[in-house]
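Written below as structure tokens is the structure these notes are about.
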Amino acid sequence: MSYQPLLMSFEEAAQLRTHLNTDSLMGRSIATEVAALEAYLPIGIEIPGHGEAGGYEHNRHKQNYIHLDLAGRLYLITEDERYLEYAKTMLVEYAKVYTSFELNTSRDSNPPGRIFHQTLNENMWMLYASCAYSCIRHKLTDAEINLIESDLFRPMIDLFVDTYAHDFDIVHNHGLWAVAGVGICGYAINDQASVDKALYGLKGDSVSGGFIAQLTQLFSPDGYYMEGPYYHRFSLRPIYLFAEAIERRQPDIGIYELKDQVIKTTTYAVMSTAFPNGVLPALNDSSKTMDIKDEGVLIATSVCFKRYAKDDNLMSMAVHQDKVWVHGSGAALSDGVANAGELAGFNWGSLQHTDGADGDRGGISILRHRDSNQDDSMALLWYGQHGSDHKLHSALDHGHFDGLHLSLFNHGQEVTHDYGFGRWVNVEPKFGGRYIPENKSYAKQTVAHNTVVVDQQSQNAGDTATAEARWGEAHFFVAGESQQGMSAFVRDYYPGVDQQRSVLMFNIEGIAKPVVLDLFRLSSQQQHTYDYVMHHSGQIIRTDFEYQTESKLKPLGDKAGYQHLWNVASGKVEAGSLVSWLHGQSYYSMVSSAVAGSEVIFARTGANDPDFNLRSEPAIILRQQGKDHLFATVYETHGYFNEAIEASTDARGQVASVTVLTHNDEASAVALKLTCGKQVQVLVCNKAGVTQDTQTSISINGETITFSGAMHIS
């Protein structure tokens, strides 16, 4: 038989059959999918019409294509005739009614399909339905084949490449789904002309559109995607599903080797941004809970292991995911895990990723440290391009105004964090499950991030077009065993204000976890109000200054996100501040320098939120006035708390204060004083063009010490 299913040959299906009822990762993965399909089958087949966005009809169509795909693949593996009958009937019933559906009504920038409110969902439906069709085509009659191909799949292809030709060639994550859907459908129905459009674009040049253009233009040389990890992981599914189909039908293209293995590069880029608990950082419009168990990352983990490298990190990820892709590559990964022995957990180490197609639009730096107890600490500094580009597509509008944002993580949880997007996904009563208005008025604004706000205004005046023309600059990156650091600039995000953030992670004898020192420097010839904003979770435990709580809550401001923050309490500080809080089983202390007349504000989201759209979360704002100014802040993790056994140890940290010794265009120097009396002095080079070989010196206890590197800790 010459026709083979797209993603799984008959021989591979037979090999997967040997995993049925076994306790291997593959065996458990198949059992999970069988259970999901068996739970859905009794509901029966229903082809609903149109309904409200995110409502019953939308979700039923979505569940239909998910379980249609399961039925096709599981029929090949189990040979259960019920699955064949279910998949066949579902496809036939859709074919009978598809062309009778009028175009839906879109409330989004994405045009509507006949089934869904936006073509993105219809692309996904076609992709999965085509894969299912390829699994059962050899069991269909000629009449059934003709009906399904002529009245369902070909009209779908026409809708995407003809009716919506203006959208088909966009270089964007929506575009990836469009070309993958059409390409896989073309393979399924033996329509090479449609496959070629999907591969090379409507003009056939591999530049103006098509899968090749997507892969060669969408990612930075390091594989990073401008919209951030949340949308990046969404792009992995169409990439891998289409790539596997291409490799099997047209291996001469060499899709997995394209552009120096760009598929691998971009996959490792998104995987390596994950926090140690597997959750992806919430850069730009992002869910706070999306993690590496996402289907796209799951598929990518299996295929990378099979196609590229037998990587320990991939095996550790599979253990975390507790599942593999039900596919030949998943079987290889399952076998790898079974033979690997004990795995230490995935750890991508400290790294930098450039942003922009040419790698010249800033980027992201990550520091990681794993201690003797296998606990991971991580610091992330963001300074890339704005995550929107209106020149590419109106739907590409997910960027936030968050240059020099900092996220910290240890003890299995975020210490400081980004708000993420303002959206209640698929919760129809919440604005149809779409982005809520507060996404623009709060979540995108600079004050919703861990960075510095100047004069209570968002960066780049909160204007997307302005922000798209600017990006950060990497300054230095040092990844040592006990001392690590990263630094970056953003310039003119506020008129006449340059900003530099240097983040160091290092060990101090006697302190269990690495200390993080954050040096945020601002340079201006004009006087400004600088708000250093830090978002956290947990309960405030103590401060070393007096503050007053507000008996009547008022918003902190009237725009730029401040209108959504309640002013809960505030206090004046003259020479530094300390705030400690408890989160989970750990205590955290934020020890900061301050100039005379400074203020600490305790805030909470929820103001001017009549529909209760925002999550109620705390924030701490350090407000100081000045022209040239340096915020020096130490984050210390300390102690242990367990309410169940009534245990609490080391609720007070060991860093007593941090003092700015000097800061200018050449260097910044600070001193940390510990409760034991010990002092730690740190020097960071601020001079543009610094390299790790830069020679710098500092006087410590009367002695001048010369060292190599952009930073020195003693």
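Partners of Thr466 under the side chain to side chain donor-acceptor pair (under 3.5 Å) rule, at least two apart in sequence or in another chain, are Asp463. With sequence neighbours excluded, the residues forming a side chain to side chain donor-acceptor pair (under 3.5 Å) with Arg470 are Asn460, listed by chain and number. For the salt bridge (Lys or Arg N to Asp or Glu O under 4.0 Å) test, residues two or more places apart in sequence or in another chain that qualify with Asp285 are Lys444.
Of the possible polar contacts, one joining the Glu636 side chain to the Val655 backbone as a donor-acceptor pair under 3.5 Å is found. Of the possible donor and acceptor atoms, none in the side chain of Asp291 sits under 3.5 Å from a partner among the backbone N and O of Val279. The backbone N or O of Gly561 lies less than 3.5 Å from a partner atom in the side chain of Gln563, making a donor-acceptor pair. His172 contributes no side-chain N or O that, together with a main-chain N or O of Asp167, makes up a donor-acceptor pair within less than 3.5 Å. With hydrogens and angles ignored, the 3.5 Å screen pairs no side-chain donor or acceptor of Ser592 with any backbone N or O of Ser577. Listed for the Thr446 side chain is a donor-acceptor partner under 3.5 Å among the backbone atoms of Phe401. Although no hydrogens or angles enter the test, the distance criterion places a donor-acceptor pair under 3.5 Å between the side chain of Thr266 and the main chain of Gly223. Checked by atom type and distance alone, the side chain of Asp222 pairs as donor or acceptor with a backbone atom of Thr354 at under 3.5 Å. Within the 3.5 Å criterion, the main-chain N or O of Ser220 finds no donor-acceptor partner in the side chain of Asp355.
A donor-acceptor pair shorter than 3.5 Å cannot be found between the side chains of Ser235 and Asn173. The closest side-chain donor-acceptor pair between His564 and Ser441 falls under 3.5 angstrom. Side chains of His629 and Ser524: no donor on one and acceptor on the other come within 3.5 Å. Checking Glu468 against Ser388 by side-chain atom types alone, no donor-acceptor pair falls below 3.5 Å. Using a 3.5 Å distance cut-off with no hydrogens or angles, the side chains of Thr605 and Arg615 do not pair a donor with an acceptor.
Closest heavy-atom contact between Met486 and Ala379: CE-O, 3.5 Å. Contact between Gln527 and Gly626 at its shortest, heavy atoms only, is NE2-N, 3.4 Å. Scanning both residues, Leu614 and Glu438, for their nearest heavy atoms gives CD2-CB, 3.8 Å. Considering all non-hydrogen atoms of both residues, Thr273 and Arg368 come closest at C-NH2, 3.8 Å.
Considering Tyr435, Tyr230, Phe421 in turn, Tyr435 is the only one that fulfils the ring-ring contact (aromatic ring centres under 6.0 Å, His included) rule with His398.
Among residue pairs with one or both ends in residues 660-673, those qualifying as salt bridge (Lys or Arg N to Asp or Glu O under 4.0 Å) are Arg521-Asp665; sequence neighbours excluded. Sorted by first then second residue, the salt bridge (Lys or Arg N to Asp or Glu O under 4.0 Å) pairs that include residues 376-387, not counting sequence neighbours, are Arg370-Asp376. Among residues at least two apart or in separate chains, salt bridge (Lys or Arg N to Asp or Glu O under 4.0 Å) pairs with a member in residues 487-504 are Glu473-Arg491, Arg491-Asp498, Arg501-Asp518.
Between His400 and His449, a ring centre-to-centre spacing shorter than 6.0 Å is recorded. No close placement of the Tyr530 and Phe520 rings is indicated, their centers lying 6.0 Å or farther apart. A centroid separation of 6.0 Å or more is found between the aromatic rings of Phe219 and His353. Taking the centre of each ring, Tyr225 and Tyr231 stay at or above the 6.0 Å mark.
The shortest side-chain heavy-atom distance between Gln214 and Val171 falls under the 4.5 Å cut-off.
We find the CZ-OG distance between Phe234 and Ser287 to be 13.0 Å, quoted to the nearest 0.5 Å. Note that CZ of Phe275 is 12.0 Å distant from CD of Gln413, once rounded to the nearest 0.5 Å. We find the CG-OG distance between Asn686 and Ser502 to be 6.0 Å, quoted to the nearest 0.5 Å.
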